[in-house]
Amino acid sequence: MNILGINAYHGNASAAIVCDGQLIAAVEEERFNRVKYAAGFPAAAIRYCLKEAGLTLAEIHHVAVPRNPYARLATKLWYALRMPSFARERAKVLVKFTGIPEALAAAFDLDPAGLSAKFHRVEHHQAHLASSYFVSPFENAALLSADGLGDFASTMWGTGTANRMKIAGAVAFPHSLGLFYSAVTQYLGFLKFGDEYKVMGLAAYGEPAQLDAMREIVSFDERSNTNGFRLALEYFTHHHAGPEMSWAEADKTPTLGKLFSDEMGKKLGAPARLPEAPLEQRHRDLASALQVRLEEVYLGMLRKLAAQTHSQSVCLAGGVAFNCVANGKIFEATPFEQVYVHPAAGDAGLAVGAAFYIWHQILGKPRSFVMDHAYWGPGYSRDEVQSAITAKKLGAEGYSVADFPEEELIK
Ligand SMILES: [Fe+2]
C-alpha cells in the first residue's frame with residue numbers, strides 16, 4: 001500500500017511517501033528550486049519521492065493533503081459574512097485545494113481521469129499531531145501542536161494510543177501563540193518569513209523587563225478548565241481580514257503581511273524598530289519578555305495536558321515546537337519524562353503526518369515505524385561529487401574529494 005503526502009500551495013511545500021507503513025522519502029520543494037520556504041506545488045519533491053520508492057504515480061493508492069477547507073466552517077462563515085475581503089481570500093484557497101488532483105496529473109503529463117489514487121483531506125493540526133505521534137517511539141502519549149495558523153486553528157491537543165489519535169481540544173482563529181511570536185518579531189524589525197528563530201536567539205541577551213505588557217497581550221489562566229489562551233486583539237491586525245500571506249507562488253519565498261497594530265507600539269512604549277535601525281538593549285529586553293511569555297503559556301499548556309492525560313510522554317509539532325529554548329525546559333517545568341519533536345515540526349512535516357494519518361487513523365494499520373533521523377531527502381555519493389567537480393573544472397581551483405576519519409571531521 002503506497003501513500004503520497006503532499007503539502008501544496010502553502011509555505012514549506014513538501015512531499016513524503018509511505019509504503020506499507022514505512023517512510024521511504026520526504027523532502028521539501030526548496031531543496032530543488034533553491035527558494036527558501038517555497039510554497040506552490042511541490043512537483044520536484046513528488047518526483048524525487050516516487051523515484052526513491054521506485055514507483056510511478058499510477059502505483060499510488062492514496063494521496064493525503066494536509067488541509068481541509070471545510071474544517072471549522074461555521075467560524076469561517078461568521079468571518080466571511082462580516083468581511084467580504086476575507087471571504088474572497090478563502091474562496092481562492094478553496095479553488096486551489098480542490099484542484100490538487102488536476103495539478104498532480106498535469107505535473108506528470110497525465111489525464112486526471114487516469115489517476116486511480118484516492119484523495120484525502122487531513123486537517124492541518126491533525127496532520128501536525130500525526131507527524132509527531134505516529135513516527136514517535138511511544139505506545140501512548142499526550143499530543144500538542146501549536147503554530148501560527150492552519151485550517152483556522154492555531155493549537156490542538158489530544159492523546160495517542162497505539163495506532164489511534166484522539167483530539168481533545170483546539171484554539172481557533174484569531175488566537176494564536178505563533179502569530180503572537182511573529183507579530184513581536186516583526187515589531188522588532190525582523191520582517192522575513194521564518195525570522196522568529198533570530199528573535200529567540202536575541203532573547204538570551206536581554207532581561208524580560210516588559211513581561212507584564214506581554215502578559216496583557218496574551219492571557220492564559222493555568223487554573224481554568226480550558227487549555228487555551230487569548231490574544232488581546234487590539235494589538236493585532238490579522239483578525240480584520242485574516243493574516244496576509246502569499247502562498248501561491250512556487251518560485252518565491254512566502255511573505256507575511258504586518259501583524260501588529262499601532263497599539264502594540266503604544267503598549268511597548270516606542271514605535272516599531274525599522275529593519276536597518278541599530279539593535280538596542282530595549283529590543284533585546286523585548287525579545288526576552290516575548291520568549292518568557294511564550295514559555296509561560298507553552299509550558300503551562302503542557303502542564304495542563306500532563307495533568308489531564310496522566311501520560312509521561314509528549315509528542316510535539318507545529319512551528320512553535322521549533323522553539324528549542326522552550327522545549328529545553330520541558331523536563332524541569334512539566335511532569336513529562338519523554339519528549340518527541342518531529343524534525344520538520346513546521347509545515348514541511350505535514351506531508352509525512354498526512355500520509356501516516358491515512359495509514360493508521362483511516363486504514364487502521366498497526367504501528368511499525370519510528371522516525372529516528374531526518375535524512376530522507378537527496379544525498380550525493382562520492383562519485384557524484386567528483387563528477388560535478390570534474391564537469392565544472394573545479395579541480396584547478398583546488399577542489400577535490402577526500403575522506404577524513406571521524407576525529408578529523410569533529411575537529
Ligand atoms: Fe502549521
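Start at 1 and go down the list; that is how both ligands and their atoms are numbered. Starting from 1, each residue takes its place in the sequence as its number.
Relative ring orientation between Y9 and F41 is described as tilted, the plane-to-plane angle lying within the 30° to 60° band.
Taking every heavy atom of both residues into account, P254 and F193 meet most closely at O-CB, 3.2 Å. The minimum heavy-atom distance between L316 and V314, with the atom names listed, is CD2-CG2, 4.0 Å.
Distances from the Fe ion (ligand 1) to the N/O/S atoms of D147 are shortest for OD2. Nearest N, O or S atom of D347 to the Fe ion (ligand 1): atom OD1.
With hydrogens and angles disregarded, no donor-acceptor distance shorter than 3.5 Å links the side chain of S145 to the backbone of T155.
With the Fe ion (ligand 1) at the apex, H128 NE2 and H124 NE2 define an angle of roughly 90° (rounded to 10 degrees).
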